Colleague: 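I have a structure I would like to understand better, so I am pasting it below and will then ask my questions one at a time.
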Amino acid sequence: MQQDAMFSRRSVIGAAAALPIASQLAAAVGDDEAWWRGIAAQYDVTRDVIQLENGNWGMMARPVLAAYAAQVARVNRQSSFYARRGMNADLDAVRHELAREMGVGDQEVALTRNATEALTSLILGYNRLKPGDGVLYADLDYDSMQACMESLRERRGVTVTKIALPEPATRASLIAAYRSAFDANPRIRLVLLTHLSHRTGLVLPIREIVALARARGVDAIVDAAHSWQQLDFRLSDLDADFVGVNCHKWLGNPLGVGAVHVRAAALDRIDRHPANPADMPDTLEARIHTGTVDYAAQLTLPAALAFQRGIGAARRAARLVALRDLWVSKVRDHPRIQVLTPDDAALHGGIASFRIAGLTSEADNKAVAKRLLDQHGIFTVHRTGVAKGACVRVTPAVFNMPGEMERLARALVEIA
Ligand SMILES: Cc1ncc(COP(=O)(O)O)c(C=O)c1O
């Protein structure tokens, strides 16, 4: 039992705080690039390629990986003896820590397996739609959420409107796009908003659009899968009633943990999940049913949060933007390279996508990404579904170095 005492409820949280976190490194080195090299050294990144496709999921830093390995060993060793006697209290503590990080109430967050589970629970469980009402989404929203919004046509008898977001976009043109969609379809009652697009990296002015929607009696479901922990904000800043996130992208937690946030006042607008017992208290958790999950991954959340806190949200966001600016600034004025995110600092984070002029098909952009990999050793990914055509997405992480971004810029100029 001595080994297991390491994992008492308090120590699950405490262990994370004791990790060799970034702030200790900050004290040790003065120069900023040296500091970031110290952070990069905490990731066991493949050297086979320059990894600029960090949008699929985020790597765990070494201390997080070690915490996860310890939790896997512990959950495996104690098995049901732990699960039936103390794990739920530990998971509640983890959930409350997550809620505090998000700036929302303890009872306003439930754990899911990913952002998809969080957002589909919201879209499909939203119970205020009546036949003849309308719902709205945009071309840059995530494919499976678009499909769920489309499914409301049959499920709820609503009309479904899809808009193409402006490209190039400005803050005003984005707000105007939603305003005119609401004006043209006064029966719209629900809108899906993606805070940071996985296709182009475009950031929507969520707070303003949520306010615009609310003033017209429209509820907004916010997909923050790519924004939370990439940008410097707390969920409460969005002023949104319904938000879905995952913890395996920018938080760098093990794969398989996400979360849903519903404001207490909006809870009754989401149906309870039918698989939950009828006598389960009427909480947000009664709206989600995951079955058995990777509990070790959930229990690792405090370690992932501690690692990110060690970097600091503002410093992390600024670094990702600086890495993005390094390559974008070198190709922005090239006549054949279109960078799809605007330079307005409010409209992007670290992700940005580009298109070589005239190359708009999926095949074209697959070929560009392949050429970057084959000839320059740089790994990116093509993205489709943008109204004006496919593109290639570049997603730096905190372990990428300025020289890698400069190599990308040189490669793009050569290809273009
Ligand atoms: C914008 C966006 N929403 C939702 C998801 C789904 O996230 P998850 O893989 O956690 O289900 C993704 C994943 O890439 C995404 O980019």
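Remember, predicted model here, so these are calculated numbers, not experimental data. Numbering of ligands and ligand atoms starts at 1, following listing order.
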Colleague: Verify the distance criterion only: is there a donor paired with an acceptor across the side chains of Tyr137 and Glu150 at less than 3.5 Å?
Modeller: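 Short answer, yes.
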Colleague: When you look for heavy atoms under 4.0 Å from ligand 1, do you find them on the side chain of Asp223, its backbone, both, or neither?
Modeller: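 Near ligand 1, Asp223 shows its side chain, while the N, CA, C and O stay back.
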Colleague: Under 4.0 Å from a heavy atom of Thr116: which atoms of ligand 1 are those, numbered in the order shown and with their elements?
Modeller: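 In order of number, 6 (C), 7 (O), 8 (P), 11 (O).
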Colleague: Would you kindly specify which portion of Asn246 sits under 4.0 Å from ligand 1, judged on non-hydrogen atoms: side chain, backbone, both or neither?
Modeller: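 The part of Asn246 near ligand 1 is the side chain, not the backbone.
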Colleague: Quickly, which of Asp219, Asp241, Asp268 forms a salt bridge (Lys or Arg N to Asp or Glu O under 4.0 Å) with Arg128? Name it, please.
Modeller: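 The single option meeting the salt bridge (Lys or Arg N to Asp or Glu O under 4.0 Å) with Arg128 is Asp268.
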Colleague: Distance under 4.0 Å to a non-hydrogen atom of His226: what atoms of ligand 1 satisfy this?
Modeller: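 Going through ligand 1 atom by atom, the ones under 4.0 Å from His226 are 16 (O).
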Colleague: Only one of Ile209, Val210, Asp183 forms a side chain to side chain contact (heavy atoms under 4.5 Å, CB included) with Tyr178, so which one is it?
Modeller: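 Per the side chain to side chain contact (heavy atoms under 4.5 Å, CB included) rule, the option paired with Tyr178 is Ile209, out of Ile209, Val210, Asp183.
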Colleague: Is the charged tip of Arg319 near the ring of Trp35: under 6.0 Å from the six-membered ring centre and within 45° of its axis?
Modeller: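 Ring-cation test returns no.
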Colleague: Near Asn114, which atoms of ligand 1 are under 4.0 Å from a heavy atom of that residue?
Modeller: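 Reading through ligand 1 atom by atom, the close ones are 8 (P), 10 (O), 11 (O).
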Colleague: Before signing off on this row, confirm whether His248 and ligand 1 have an N or O atom pair separated by under 3.5 Å.
Modeller: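 So ligand 1 has an N or O lying under 3.5 Å from an N or O of His248.
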Colleague: What is the closest protein heavy atom to atom 12 (C) of ligand 1, and at what distance does it sit?
Modeller: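 The closest one turns out to be Tyr142 CE1, 3.3 Å.
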Colleague: Check this for me - ligand 1, Ala225, N or O atoms closer than 3.5 angstrom, yes or no?
Modeller: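 N/O-N/O distance below 3.5 Å does not exist for this pair.
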Colleague: Tell me yes or no: between the side chains of His195 and Ser227, is some donor less than 3.5 Å from an acceptor?
Modeller: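 A donor-acceptor contact under 3.5 Å links the two side chains.
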Colleague: Give a yes-or-no answer on whether the side chains of Ser236 and Arg234 include a donor-acceptor pair shorter than 3.5 Å.
Modeller: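 On atom types as modelled, these side chains do not qualify, holding no pair under 3.5 Å.
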Colleague: Taking the six-membered ring of Phe242 as reference, does the NZ or CZ atom of Arg269 fall below 6.0 Å from its centre and within a 45° cone about the axis?
Modeller: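 No, cation not above the ring by the 6.0 Å, 45° rule.
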Colleague: Check Lys249 against ligand 1 and report side chain, backbone, both or neither, counting heavy atoms closer than 4.0 Å.
Modeller: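 Side chain only.
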